[in-house]
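Contents: one structure, followed by commentary.
No experiment lies behind these values; they were computed from the predicted model shown. For ligands, and for the atoms within them, numbers begin at 1 and follow the listed sequence.
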Amino acid sequence: MPQASSPIGVFDSGVGGLSVLRALLAAMPNERFVYLADSAHAPYGERGDSYVAARTHAITHYLREQHDVKAMVVACNTATAAAIHEVRSSHPTLPLVGLEPAIKPALAATKTGHIGVIGTRGTLTSAKFGKLMASLDGQARMVVQPCDGLAHAIERSVALPVPSAAGTPEPMGCSTNAPDLADATETAALCKRYITAMGAFGTAPGQMDTLVLGCTHYIFVAHELRALVGPEVQFIETGEAVARQTQRVLKAAGLLNTVEGPQPPQSANDAPGAPVTVQLLTTGPVDMLAAAAQRWLGLPAGWCQSVQVQ
Ligand code: DGL
């Protein structure tokens with residue numbers, strides 16, 4: 001039975017959810033986290049709902065059984081769209097937080113009334129997203145662009161060595177610093193193709209002044225996107241809002257950890273010797289997760305472990 005000292009499970013199809021983990025770590029320094037990247041089965045975005053729902057169920061089960069998580073953050077828009085309702089009904093006592101493209105914050109931020117939304121095909125063609133769009137009732141003009149292949153290209157490129165000419169941190173409305181990509185050729189080409197297809201970005205009337213990053217992987221290409229849309233376009237992502245919501249649900253469940261300082265290991269499955277604020281697990285190559293976690297969150301590679309989740 002999980003307690004306040006138990007860890008919070010966080011999962012994504014791969015490395016993208018690290019953007020959410022970073023916000024969670026910043027907001028909740030007393031908590032322990034188990035992050036699971038399902039990289040062996042990524043990308044989710046073009047796989048179809050039943051596949052993604054099955055993976056989401058398997059991972060939820062695994063994190064509860066093996067790590068006794070007290071709550072789950074589904075740090076993946078695609079998995080949330082495909083499975084959050086079912087997971088909620090299968091695990092009624094588990095506090096659960098999902099992600100969806102941050103359309104409402106974008107509506108509050110736009111001045112031109114023109115908003116671009118990028119995400120996976122799974123997310124943007126889902127019934128959940130359709131319902132969200134229908135609820136907006138024409139409050140803004142939205143250009144919605146599925147970016148097939150982009151999450152997969154990011155996933156592959158993040159494990160490659162970093163070139164010496166490192167990029168500068170992304171300073172804009174997106175609250176994160178973008179990591180450097182090793183071989184940006186493929187990701188840059190895909191960004192260009194999709195952003196160009198969307199139409200004009202900028203702050204003049206009729207232009208999109210706000211871009212919703214509706215996939216947690218896309219922060220890894222914030223520099224490429226910025227180069228394409230210009231300096232004034234606001235990027236909207238969900239990490240901080242998800243961290244606040246996670247705090248709220250834990251508090252409501254009486255499961256917030258109020259004990260300050262590094263939390264001691266709790267179970268036999270904790271990484272040996274780690275002080276364990278965060279355990280990083282992956283069903284794919286450990287190097288990929290280690291590179292992303294090190295480059296982006298400054299977490300030691302030794303905190304990463306390979307796991308199998310059937
Ligand atoms: N990072 C995920 C999301 O937020 C999914 C990317 C993928 O695996 O296609 O939707």
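In this structure, Arg55 is not positioned above the aromatic face of Tyr44 in the sense of NZ or CZ being under 6.0 Å from the six-membered ring centre and within 45° of the axis.
Cluster membership check: Val286 does not share its hydrophobic cluster with Val10, using side-chain heavy-atom separations under 4.5 Å among Ile, Leu, Val, Met, Phe, Trp and Tyr.
Among pairs with a residue in residues 128-139, those fulfilling side chain to side chain donor-acceptor pair (under 3.5 Å) read Glu100-Lys128, at least two apart in sequence or across chains.
Contacts of Tyr62 classified as ring-ring contact (aromatic ring centres under 6.0 Å, His included), with partners at least two apart in sequence or in another chain: His67.
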Sequence neighbours left out, cut at 3.5 Å: what donor-acceptor pairs do the side chains of residues 202-213 make with other protein atoms?
unit_1	atom_1	unit_2	atom_2	d
Thr203	OG1	Glu232	OE1	3.0
Gln207	OE1	Thr203	N	3.3
Gln207	OE1	Ala204	N	3.1
Asp209	OD1	Thr110	OG1	2.6
Asp209	OD1	Thr112	OG1	3.3
Asp209	OD2	Lys111	N	2.7
Asp209	OD2	Thr112	N	3.1

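Within 4.0 Å of ligand 1, the residues that place a heavy atom are Asp12, Ser13, Pro43, Tyr44, Gly45, Cys76, Asn77, Thr78, Thr120, Ala151, Cys215, Thr216, His217, listed by chain and number.
The pair Glu224-Lys192 does not count as a salt bridge, with every side-chain nitrogen at least 4.0 angstrom from each carboxylate oxygen.
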